[in-house]
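In the text below, chain A, chain B and the rest are named by the order of the sequence lines, each starting its count at 1.
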2 protein chains.
Amino acid sequence: MKDPDIGAVARETGLATSTLRYYEEIGLITSSGRKGLRRLFDPGIYERLALISLGRNAGFSLKEIGAMFAQDGNPRIDRAQLHDKADELDRLIRRLRAMRDGLRHAAECPAPSHLECPTFQRLLKAASADAKRGKSKRK
Amino acid sequence: MKDPDIGAVARETGLATSTLRYYEEIGLITSSGRKGLRRLFDPGIYERLALISLGRNAGFSLKEIGAMFAQDGNPRIDRAQLHDKADELDRLIRRLRAMRDGLRHAAECPAPSHLECPTFQRLLKAASADAKRGKSKRK
DNA sequence: GCTTGACCTCAAGTTCACTTGAACTCGTAA
DNA sequence: TTACGAGTTCAAGTGAACTTGAGGTCAAGC
């Protein structure tokens, strides 16, 4: 497996080349060298990008993700931080579940207006309470 | 209950006054009138803001949320749309659940490096596959 | 030898969801 | 009467995560 160039990495991962350059610019990834002008990447880039993907999926910012790598490039993941994030996801999931059920219910609810449906009202109350006490961290 | 001014709404909902003005500017809410310069809001604003909160919680953009209201201000009852959103949420929830479990596992995993843990590897693979096939809609 | 396509740099632009700042107007309380 | 606090407008700024555009380089194929 020869060191892939940016196009190969892009094809393999589904990321835009501009995104890869951007990631390099902010220090999230590094290219292993050049062949002429063109960047070459170490095959390990795929694992790294997968980790980044994982972090993004879990709702970490690129900055946070960057902080999770040690200088050697290996993940340096703080177990407590992982637990926190898992808990945060848990809360998010609960909220989303309520929302999903609410939507489904609303789609079937025979009340003349959703606003008159008690289930929907309960949902609304929960949401505004959520908004009031502390921001949800979710953008 | 007199029509609340912007400060009252802000206190009640936990939203910044600038946010409320912004929401009005983009047409997401309307003020019912003025008393001198000051906006007054119809008490129904609370319900509306709760709906908006609900939508935000579920990960909808302000634009999408706006589209969910009919011109009369009532939530629009496009049952098919609601079902679609619910299904979309379902998929999101499944992904997040996997992620949460993975994070939890990683936090406890005794493998010397996360990269050597099979569960973590599975997670990585899933994340990069996710990234590859279509964007996740989740910012 | 020329064109093409994939790469390069660097600066600037984009979208989202707000926030901030400057300059102004009120109503109320001291 | 003056000072204040809370409201107002409008334009500009913010930060995250990219994308786009202009202008340039280079190897390969016709």
Side-chain angles (χ1 to χ4, degrees), chain A residues 2-41 45 49 51-68 127 130-131 134-139, chain B residues 2-41 45 48-49 51-68 127 130-132 134-139:
Chain A
K2 296 189 66 166
D3 285 359
D5 74 354
I6 203 173
V9 175
R11 276 188 303 281
E12 187 65 27
T13 61
L15 298 169
T17 58
S18 61
T19 302
L20 293 170
R21 281 188 213 102
Y22 172 67
Y23 281 2
E24 189 181 17
E25 192 188 324
I26 63 172
L28 208 50
I29 59 175
T30 34
S31 46
S32 56
R34 296 282 175 130
K35 183 174 147 200
L37 278 179
R38 334 197 137 192
R39 290 164 177 75
L40 294 179
F41 293 95
I45 191 68
L49 287 171
L51 279 167
I52 293 171
S53 236
L54 181 63
R56 297 276 298 127
N57 269 341
F60 292 102
S61 71
L62 296 183
K63 210 175 187 175
E64 288 176 304
I65 292 168
M68 290 179 188
D130 254 16
K135 321 307 268 164
S136 73
K137 220 85 172 208
R138 187 151 183 269
K139 279 286 175 58
Chain B
K2 297 188 65 167
D3 286 357
D5 74 355
I6 204 173
V9 175
R11 276 188 302 281
E12 187 65 25
T13 61
L15 298 169
T17 58
S18 61
T19 302
L20 293 169
R21 282 190 212 99
Y22 173 67
Y23 281 2
E24 189 181 15
E25 193 188 323
I26 63 171
L28 208 49
I29 59 175
T30 35
S31 45
S32 56
R34 297 283 176 130
K35 184 175 148 200
L37 279 177
R38 336 198 134 192
R39 288 165 177 77
L40 294 179
F41 292 95
I45 191 69
R48 180 127 183 160
L49 286 171
L51 280 166
I52 293 172
S53 238
L54 185 61
R56 296 278 295 129
N57 269 342
F60 295 107
S61 72
L62 296 182
K63 210 173 190 176
E64 287 176 305
I65 293 169
M68 290 180 188
D130 253 16
K132 203 168 174 182
K135 321 308 267 162
S136 74
K137 220 89 174 203
R138 184 151 184 268
K139 280 287 175 61

The criterion is side chain to side chain contact (heavy atoms under 4.5 Å, CB included); which residues satisfy it with A:S32, sequence neighbours excluded?
A:D3, A:L40, A:D42
Heavy-atom check, side chain of B:L62 versus side chain of B:Y22, under 4.5 Å
yes
Using whole Å, report how far CG of B:L28 lies from C1' of C:dA17.
11 Å
Using five base pairs at each end to define the local axes, how bent is the helix from C:dG1-D:dC30 to C:dA30-D:dT1, to the nearest 10°?
30°
Please give, in whole Å, the distance from C:dA6 P to A:D5 CG?
11 Å
Might you point out which heavy atoms bring B:I29 and B:L20 nearest each other, and give the distance in Å?
CD1-O, 3.5 Å
Classify the nucleic acid contact of A:I6 as base, sugar-phosphate or nothing, counting any heavy atom under 4.0 Å across all strands shown.
sugar-phosphate
Do B:I65 and B:Y23 have side chains that get closer than 4.5 Å, going by heavy atoms?
no
Taking the side chain from A:R56 and the backbone from B:A127, do they hold a donor-acceptor pair closer than 3.5 Å?
no
For B:R39, which residues count as a side chain to side chain donor-acceptor pair (under 3.5 Å) partner, sequence neighbours excluded?
B:E24
Could you state the CG-C1' distance from A:L20 to C:dC8, rounded to the nearest angstrom?
14 Å
Please tabulate the protein-to-nucleotide N/O contacts below 3.5 Å involving nucleotides 19-22 of chain C, giving atom names and distances.
from: C:dT19; atom 1: OP2; to: B:S18; atom 2: OG; distance (Å): 2.7
from: C:dT19; atom 1: OP2; to: B:T19; atom 2: OG1; distance (Å): 2.6

OP1 or OP2 of C:dA17 sitting under 4.0 Å from any side-chain N/O of B:Y23?
no
d(B:R48 CZ, B:L28 CG) to nearest 0.5 Å is 6.5 Å
Note: contacts of residues 31-40 of chain B with DNA chain D (heavy atom, under 4.0 Å) are B:R34, B:L37, B:R38, B:R39
CD1 (A:I52) and OG1 (A:T19) are apart, to the nearest 0.5 Å, by 11.0 Å
Would you kindly give the CD-to-C1' distance between B:E24 and C:dC18, to the nearest whole Å?
16 Å
Name the pairs: protein N/O against N/O of nucleotides 10-15 of chain C, kept only if under 3.5 Å.
none

If I take atom CZ in residue A:F41 and atom C1' in nucleotide C:dC8, what distance separates them, rounded to the nearest angstrom?
12 Å
Can you tell me how far P of C:dC16 sits from CZ of B:R56, to the nearest Å?
12 Å
From B:K35 atom NZ to B:L37 atom CG, the distance as rounded to the nearest 0.5 Å
12.0 Å
In whole Å, what is the span from the CZ atom of A:F60 to the C1' atom of D:dA16?
17 Å
Step by step, work out the side-chain contact (heavy atoms from CB on, under 4.5 Å) result for B:R21 and B:I6.
CA-CA 8 Å; B:R21 282 190 212 99; B:I6 204 173; 3.6 Å; yes
